[in-house]
Amino acid sequence: MDVNAAVAAAAAIAGLLTGVIAMLAFRVSEREQRRPTRTSLHTDAVLPPGVDTVLSVLRSSAVVLDEADGVVKASSAAYALGLVRGGKLAVEPMLKMARDTRRDGEIRQVELDLPRRGTGRGEALAVSARVAPLGSRLVLLLVEDLTEARRIEAVRRDFVANVSHELKTPVGALSLLSEAVMDASDDPEAVERFAGRMQIEATRLTNLVQELIDLSRVQNDDPLEDAEPVPVDELVAEAIDRCRHQAGTKEITMAAAGAADLRVWGNRGQLAAALGNLVENAVTYSPARTRVGIAVRSVAQPGGDLIEIAVTDQGIGISDKDKERVFERFYRVDPARSRATGGTGLGLAIVKHVAASHGGEVTVWSAEGQGSTFTLRLPEARAPRSRRPSERDDTEGLDGEAGETSHLSLQPSDPSAYATLPSPEVLP
């Protein structure tokens, strides 16, 4: 009897221990299930219903952090900006904001400048970060990229500053000259001299205002709303006629050659202004008694043929440093020379905008002391022609007004062709 009692007691104790162990294991398992694991941190199960859908349509970069600062959810934009790396929020100021918000529940917002990933130039990424609690355990971080907005704002400030400076110069000169005229009222020669200066400054002011209007128009208007096939021959003739008097004063030979009967699709007024600016610049910055040539040809491209209009001069040329900025508004290669010639620094900016709005581009080749070639490329407007332009059409000489043959290169798409461009020369 004693043996049986002992066995029964041992069995009872073993059953009790098994029950206790099972209960403890159940409690531990239940606790582990409630705790987010490394795998569950990257799933949508812990997010409140509908949050994942909302985050997917936001323009801002979104990151959701848990109690341990682990990333529960992150948008692709957050990874692209370098905010999340290795499953962790990589920006320490944002991480501190998230911890403070988790502690007191307050919404926080700050603007930060972050280093760009993968660039060794020290460029900053401007962002606006906003942190808010999401439920009882999660924190939501929304980050908006402000880099482009700041760049546009800087461009706007520079534009306003440049306009103010450019307008103030001729206006101030007119004010001083008018006072000089009044003081020299009894000196006819001085009055005549000051009046001539006033006319120069008034013309400069008029040109500046007109180019500001033109630049605003080409930036805001859609040239394809009233587009039409525009004959390139007529654009070239109009550009030459526009600069004929100025070229004649400097004894500059102007000539055109290349394929005929070509048309481009776009706004005639804007295209004429763009090509006219290129030819006018070539004449303005060329020494006296040199040549300016305009070459036209059609170039086959997979997406459609392009018309190339190359304007070549034998002027002062442009350095490599300046070539990167010649199409910026108000930028002048030689400010002193531009001021003397009445340049505003807006002509090439207008050309760039016209080319872009017509689906084309403008490029420049230049060497200091050898001249420059500006090439305007525009989509061709297909029209029936009796024949395609031959290679001979593209490479024949430029016939000047005096019947001379120009030696300017007519291969605008091949930079090596410009290597033989002659230095500025004086015609006999």
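All values below come from the heavy atoms of this structure, side chains included, with hydrogens, waters and symmetry mates left out. For clarity, every value in this text was computed on a predicted model and none was experimentally measured.
Salt-bridge check for K88 with D69: failed, with every basic side-chain N at 4.0 Å or more from each acidic carboxylate O. The pair E111-R150 meets the salt-bridge criterion, with a side-chain N (NZ, NE, NH1 or NH2) lying under 4.0 Å from an Asp/Glu carboxylate O. Between E361 and K352 there is no salt bridge, since no side-chain nitrogen of the basic residue lies less than 4.0 Å from a carboxylate oxygen of the acidic one. E67 has no carboxylate O lying under 4.0 Å from a charged side-chain N of R102, or vice versa, which leaves the two without a salt bridge.
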Given side-chain hydrogen bond (donor to acceptor under 3.5 Å, both in side chains), test T363 with R377 step by step and report yes or no.
CA-CA 8 Å; T363 58; R377 297 182 180 90; 3.0 Å; yes
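In this view, K168 satisfies the side chain to side chain contact (heavy atoms under 4.5 Å, CB included) rule with no residue, not counting sequence neighbours.
Contact check for V63 versus Y79: no side-chain heavy atoms found under the 4.5 Å cut-off. Contact annotation: the side chain of E380 never approaches that of R263 to less than 4.5 Å [non-hydrogen atoms, C-beta and beyond].
A donor-acceptor pair shorter than 3.5 Å cannot be found between the side chains of T284 and N281.
Side chain of T101 to main chain of A98: no donor-acceptor pair is present (N/O by atom type, distance under 3.5 Å, no hydrogens or angles). Between the side chain of S366 and the backbone N or O of G371, at least one donor-acceptor pair lies under 3.5 Å. Of the possible donor and acceptor atoms, one in the side chain of K250 sits under 3.5 Å from a partner among the backbone N and O of V283.
Enclosure of atom CD in E148 by more than 12 non-hydrogen atoms of other residues, nucleotides or ligands within 6.0 angstrom is indicated. Enclosure of atom CD in E192 is not indicated, since only 12 or fewer non-hydrogen atoms of other residues, nucleotides or ligands lie within 6.0 angstrom.
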